[in-house]
Amino acid sequence: MPNIEQFLTAKEEAEIVEAIRIAEGKTSGEIRVHIEQKCDIDVYEHALEVFHYLKMDNTIQRNGVLIYVAVDNKSFVIFGDQGINNSVGADFWNSTRDKISSQFKSGRFKQGLIDGIQEAGKALSQYFPWDHNDKDELDNTISKG
């Protein structure tokens, strides 16, 4: 796997941020991507820590979705807050994970992240549709650790 600076180009990062903006334009939900070089503890547990660190659990409707990537570990986690988890079943998260994984296995990291963002956006827009009073509660940029 590449190092964190080579994982995505600046252009690819911009395309991912745009995918987040488009997905969030149809929902009150929030989507974030966080990339780290490696994770020395359980990846799922660390993704949960990152979720809290990014304040994704502070959304009004508890409808944040985090896609966490640990480059060296060749691992990622897609983590949804309580509101979205109560609305979608495990099959949704499994199918979204499989779409991301399929792209990652082929080295198409940008497309894997965009596929995950689009899938999360579809579910969020179904259960948490955008309305005119909605405000973007969280930053759309890719965070890195």
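When reading the values below, keep in mind they use all heavy atoms of this one structure, side chains included, and skip hydrogens, waters and symmetry mates.
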**Q** How many angstroms lie between CD1 in Ile142 and CG in Leu113, if you round to the nearest 0.5 Å?
**A** 7.0 Å
**Q** If you apply the rule ring-ring contact (aromatic ring centres under 6.0 Å, His included), what do you find for Phe76 with Phe104, and how did you get there?
**A** CA-CA 10 Å; Phe76 71 92; Phe104 277 21; 5.3 Å; yes
**Q** Can you tell if the side chain of Glu36 reaches within under 4.5 Å of the side chain of His34, non-hydrogen atoms only?
**A** yes
**Q** Within the structure provided, determine whether Asp57 and Gln82 are in side-chain contact (heavy-atom separation under 4.5 Å).
**A** no
**Q** Using 0.5 Å steps for rounding, measure from the OG1 atom of Thr96 to the NZ atom of Lys122.
**A** 9.0 Å
**Q** If you take all heavy atoms of Ile35 and Val71, which pair is closest and at what distance?
**A** CG2-CG2, 3.8 Å
**Q** Same cluster for Tyr44 and Phe51 if Ile/Leu/Val/Met/Phe/Trp/Tyr side chains link at under 4.5 Å?
**A** yes
**Q** Is the shortest distance from a Lys or Arg side-chain nitrogen in Lys110 or Glu15 to a carboxylate oxygen in the other one below 4.0 Å?
**A** yes
**Q** How far apart are the closest heavy atoms of Gly29 and Glu24, and which atoms are they?
**A** O-CG, 3.7 Å
**Q** Hey, does the side chain of Ser125 reach the backbone of Pro129 with a donor-acceptor pair shorter than 3.5 angstrom?
**A** no
**Q** Closer than 4.0 angstrom, basic N to acidic O: yes or no for Asp81 and Arg62?
**A** yes
**Q** Any side-chain to backbone donor/acceptor pair from Ser75 onto Asn73? Under 3.5 Å, distance only.
**A** yes
**Q** Would the distance check show the side chain of Ser101 and the main-chain N or O of Arg97 forming a donor-acceptor pair, the cut-off being under 3.5 Å?
**A** no
**Q** Can you check whether Val17 reaches Arg21 side chain to side chain, under 4.5 Å on heavy atoms?
**A** no
**Q** Between Met56 and Tyr53, is there shared hydrophobic-cluster membership here, with clusters defined by ILVMFWY side-chain heavy atoms closer than 4.5 Å?
**A** yes
**Q** Is there a side-chain contact between Phe92 and Asn85 in this structure, where contact means two heavy atoms from C-beta onward sitting under 4.5 Å apart?
**A** no
**Q** Kindly indicate, with the supporting measurements, whether the criterion side-chain contact (heavy atoms from CB on, under 4.5 Å) is fulfilled by Leu54 and Leu66.
**A** CA-CA 9 Å; Leu54 295 175; Leu66 172 67; 4.1 Å; yes
**Q** Could you grab the distance from atom CG of Asp131 to atom OG1 of Thr27, nearest 0.5 Å is fine?
**A** 10.0 Å
**Q** Quick one, Ile114 and Gln118 - any side-chain contact, counting heavy atoms below 4.5 Å?
**A** yes
**Q** Ignoring hydrogens and geometry beyond distance, is a side-chain donor-acceptor pair present between Ser28 and Gln61 at under 3.5 Å?
**A** yes
**Q** So which atom in Ala120 and which in Ile31 form the shortest heavy-atom distance, rounded to 0.1 Å?
**A** CB-CD1, 4.2 Å
